[in-house]
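Worksheet: one structure, shown below.
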Number of protein chains: 2
Amino acid sequence: MTTRRRAAPDATRRSEESRRAILAAAFDLVGQVGYARLSIEGIAARAGVGKQTIYRWWPSKGAVLFDAFLMLSEGETGRPALPDTGDLEADLKAVLRSTVAELNDPRYDEPMRALNTEILHDPALAAAYAERLDGPLKEAKKERLRSAQRAGELRADLDLDVAVEMVWGPLLNRWLQRSGPLTPHYADSIVETALNGLRRPTRRRRDQH
Amino acid sequence: MTTRRRAAPDATRRSEESRRAILAAAFDLVGQVGYARLSIEGIAARAGVGKQTIYRWWPSKGAVLFDAFLMLSEGETGRPALPDTGDLEADLKAVLRSTVAELNDPRYDEPMRALNTEILHDPALAAAYAERLDGPLKEAKKERLRSAQRAGELRADLDLDVAVEMVWGPLLNRWLQRSGPLTPHYADSIVETALNGLRRPTRRRRDQH
């Protein structure tokens, strides 16, 4: 998202340090004051840089916040991957329980809520989000489901996009709409319901005849 | 949400007409200009009333829009109910296909997007939404699932809140995040996947041994 001029190594290093300080400041600040009251001025003051330094690299506070999330995700080494112990149900429960814990942490809740709602009204940001942040994560989720298909745990004819939405959609909605508690029990319940389906098993129905 | 003084019948009727004109204007206008550019001034001009008339009844444009949705839902007679032909899969597909059609209609997309995103940042509006708009609808969804449980179509031990999220959550997310096409085929696919689950049926797995 940024265009940099060629510079001496020292200047490059100082730029990179400023950039990281700004992104860290944006992330911390939005968690404290909320997105509505987040301002470029506030980020600049907290990062110890001038406002113009920020405007040189980013057009808006939404763009700064987006890059802050990108920095966080790049901090993790390599491509994202879900745990694969061979037991899909256990792996998905572990992942959803850790997501639930993150969403209950005020340090993450507000920045992620801000990013998610910006996306809803800004198709350009939504496209950048889909490509650079959500895309690699979604691919990791689908890869874990593919592995379970190969192991014979999942149906071979699943639409994997729908399958991913089935596991992660309910949690995202409940969080965004604050429509219910986010608990470890809830995380487990989603995984079990998504895997087993709502329908009463055919076998038990046959037993009745 | 409004407090009315006692008034002669004619004045009451005129008030009610103004109120309905304002709500209809808000709904139409947000569909045309988007929520960010929706203003009390604009609503007043379109409804042919003074700005003060609106401020007398509503504190904000979000509150006007909320009541506009309430008026729409009250326009339907009695409590909301889902179709119940005895075939849950067919009924859910019909409901989700009609939701998909509504979300693809620009007249509804923008107002509903606006309401949904206001809710994400306004816990008071979220509570009003949960109680007066989403609540009765959610109860209708659960009632349809309960009926299917009584008919032996669904598992008896389902968490009905999770079950509702499993059917409607993926669609809401895909719409809000613009993460994929909203088609009749997609509506059907959600219903089938939610009902049958992701897991490969046990019977087929047993056949392999």
Side-chain angles (χ1 to χ4, degrees), chain A residues 34-36 88-89 113-114 116-121 123 126-127 129-130 134 138 145 148-149 151-156 158-159 161-180 185-186 189-190 192-205 208, chain B residues 34-36 88-89 92 113-114 116-121 123 126-127 129-130 134 138 145 148-149 152-156 158-159 161-180 185-186 189-190 192-205 208:
Chain A
Y35 187 73
L88 180 68
E89 181 169 339
R113 188 173 295 277
N116 269 278
T117 48
E118 277 304 282
I119 286 165
L120 306 186
H121 280 295
Y129 174 79
D134 192 48
K138 193 170 183 185
L145 297 184
Q149 282 182 311
E153 285 192 281
L154 294 189
R155 295 171 190 275
L158 282 179
D159 177 329
D161 286 303
V162 171
V164 165
E165 290 175 339
M166 203 63 59
V167 176
W168 279 272
L171 176 55
L172 274 174
N173 267 324
R174 186 179 278 209
W175 167 58
L176 280 173
Q177 304 196 333
R178 299 184 177 89
S179 52
H185 173 77
Y186 173 62
S189 174
I190 292 175
E192 287 163 19
T193 312
L195 289 178
N196 298 328
L198 310 182
R199 214 188 276 287
R200 188 165 164 180
T202 321
R203 199 154 43 89
R204 278 169 62 195
R205 208 188 299 163
Q208 292 184 317
Chain B
Y35 186 72
L88 180 69
E89 182 169 338
L92 289 180
R113 190 173 293 277
N116 269 278
T117 48
E118 277 304 281
I119 286 165
L120 307 186
H121 279 295
Y129 173 79
D134 192 48
K138 195 170 182 185
L145 298 184
Q149 282 181 312
E153 283 192 281
L154 294 188
R155 295 170 190 275
L158 282 180
D159 177 328
D161 286 304
V162 172
V164 165
E165 290 175 338
M166 203 63 59
V167 176
W168 278 271
L171 177 55
L172 274 175
N173 266 324
R174 184 178 280 209
W175 167 58
L176 279 172
Q177 304 196 334
R178 298 184 177 87
S179 53
H185 173 78
Y186 174 62
S189 174
I190 292 175
E192 288 163 20
T193 312
L195 289 178
N196 298 328
L198 310 182
R199 214 189 277 285
R200 187 167 163 178
T202 321
R203 199 154 43 89
R204 280 168 62 196
R205 208 189 299 163
Q208 292 183 318

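Order of the sequence lines sets the chain letters (A, B, ...), proteins ahead of strands, with each chain counted from 1.
- Looking only at heavy-atom pairs under 4.5 Å with chain B, the residue among Val167(A), Leu88(A), Leu172(A) that has the most is Leu172(A).
- Among all heavy-atom pairs drawn from Arg155(A) and Gly197(B), the shortest one is NE-O, 2.9 Å.
- Here the straight-line distance linking atom CG of Leu176(B) with atom CG of Asn173(A) works out to 7.0 Å at 0.5 Å rounding.
- Residue with the most contacts toward chain B among Leu145(A), Leu171(A), Ile190(A): Ile190(A) (heavy-atom pairs, distance under 4.5 Å).
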Dump the intermediate steps for side chain to side chain contact (heavy atoms under 4.5 Å, CB included) on Leu198(A) and Glu153(B), then the final yes or no. CA-CA 9 Å; Leu198(A) 310 182; Glu153(B) 283 192 281; over 6 Å; no
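- By the salt bridge (Lys or Arg N to Asp or Glu O under 4.0 Å) test, Glu89(B) pairs with Arg199(A), Lys93(B), sequence neighbours left out.
- When all heavy atoms of Asp159(A) and Ser189(B) are compared, the pair lying nearest together is CB-OG, 4.3 Å.
- For the set Pro170(B), Gly169(B), Ser179(B), the entry with the most heavy-atom pairs within less than 4.5 Å of chain A is Pro170(B).
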Evaluation steps, side chain to side chain contact (heavy atoms under 4.5 Å, CB included), between Thr193(A) and Glu165(B): CA-CA 10 Å; Thr193(A) 312; Glu165(B) 290 175 338; over 6 Å; no
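- With a 4.5 angstrom heavy-atom cutoff, Ala194(B) touches chain A via backbone and side-chain atoms both.
- Listed by chain and number, the residues in a side chain to side chain contact (heavy atoms under 4.5 Å, CB included) with Ala114(B) are Val30(B), Tyr35(B), Leu65(B) (sequence neighbours excluded).
- With a 4.5 angstrom heavy-atom cutoff, Leu158(B) touches chain A only via side-chain atoms.
- Across all their heavy atoms, Arg178(A) and Ile119(B) have their closest contact at NH1-O, 3.7 Å.
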Test log, rule side chain to side chain contact (heavy atoms under 4.5 Å, CB included), inputs Arg174(B) and Asp161(A): CA-CA 10 Å; Arg174(B) 184 178 280 209; Asp161(A) 286 303; 3.9 Å; yes
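- Proximity to chain A (any heavy atom under 4.5 Å) is shown, for Val164(B), by neither the backbone nor the side chain.
- Interface remark: Ala163(A) contributes backbone and side-chain atoms alike to the contact with chain B (heavy atom separation under 4.5 Å).
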